[in-house]
Amino acid sequence: ALLFFTNSKKKFLPSNYAYHLSLLCSAIHCLLSNCISEEDLLWAEKALQDFHKLLPSLYPPEICTANMHGLLHFVHYVRMWGPLWTHSMFGFENMNGYLKKQFHGTKSILPQLAFMIQARDLLAASASTSSHRIHNTHLRGQPIITINETTHTYAIVVYK
């Protein structure tokens, strides 16, 4: 499909968009090959960097996502694990889903993430040294982490 689109793109896309798409298609095609030289990797890395660099000038900001940034790491993964077809990115996608559930809204995302991860680590450490039971839930869209003991329940509520 990548090669077909690369060859037929000129009929449907303006030249700057066709060139942009050809950078991605050609780099991915290279990284899917059975035999990839270091020269091929350097070329694919440059093509993906150029693709990423051109994104903001061709598309609206909402297109410039973490997935687009992730393309910049493909060559590194191919160096470590071989051609793209030999491994899966589902683990990384799963982690993105986990992280997305740790914050709410569009402001103060990093502090929210840091707080939630630190709170879970502290609660997990506390639970491993006692008989606490930890539960995760939400109240009015806010994440709550509760620790249940035999006589008390403690809760951490994260407010926006």
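If you're wondering where the values come from, they're calculated on a predicted model, not measured in any experiment.
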Measuring only between side-chain heavy atoms, which start at C-beta, is [X] closer than 4.5 Å to [Y]?
X: L48; Y: L24; answer: yes
X: L32; Y: H29; answer: no
X: R79; Y: V75; answer: yes
X: D40; Y: L31; answer: no

Practice task
Group every Ile, Leu, Val, Met, Phe, Trp and Tyr by side-chain heavy-atom contacts under 4.5 Å, then state whether L72 and M68 land in the same group.
Solution key: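 No, separate clusters.
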Practice task
Could you state whether L42 and I28 fall into the same hydrophobic cluster, counting links through intermediate Ile, Leu, Val, Met, Phe, Trp or Tyr residues with side-chain heavy atoms under 4.5 angstrom apart?
Solution key: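 Different clusters: L42 never reaches I28 through Ile, Leu, Val, Met, Phe, Trp or Tyr contacts under 4.5 Å.
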Practice task
Just grab all the side chain to side chain donor-acceptor pair (under 3.5 Å) pairs involving residues 47-56, residues at least two apart or on different chains.
Solution key: K46-D50
Calculate, to the nearest 0.5 Å, the distance between atoms [atom1] and [atom2] belonging to [X] and [Y] respectively.
X: L55; Y: L71; atom1: CG; atom2: CG; result: 8.0 Å
X: L58; Y: Y17; atom1: CG; atom2: OH; result: 5.0 Å
X: W43; Y: S37; atom1: CH2; atom2: OG; result: 11.5 Å

Exercise for the section: Inspect the surroundings of NE2 in H73 and state if more than 12 heavy atoms from other residues, nucleotides or ligands are less than 6.0 Å away. Expected result: yes
Practice task
Assess whether atom CD of E38 is packed by more than 12 heavy atoms of other residues, nucleotides or ligands within 6.0 Å.
Solution key: yes
Handout entry: Residue list, salt bridge (charged side-chain N to carboxylate O under 4.0 Å, His left out) with E62, at least two apart or on another chain
Key =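 E62 satisfies salt bridge (charged side-chain N to carboxylate O under 4.0 Å, His left out) with no residue once adjacent residues are dropped.
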Handout entry: Closest non-hydrogen atom pair, A27 against A47
Key =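 Taking A27 first and A47 second, the nearest heavy atoms are CB-CB, 4.0 Å.
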Exercise for the section: Check whether any side-chain N or O of Q112 sits under 3.5 Å from a backbone N or O of K107 as a donor-acceptor pair, and report yes or no. Expected result: yes
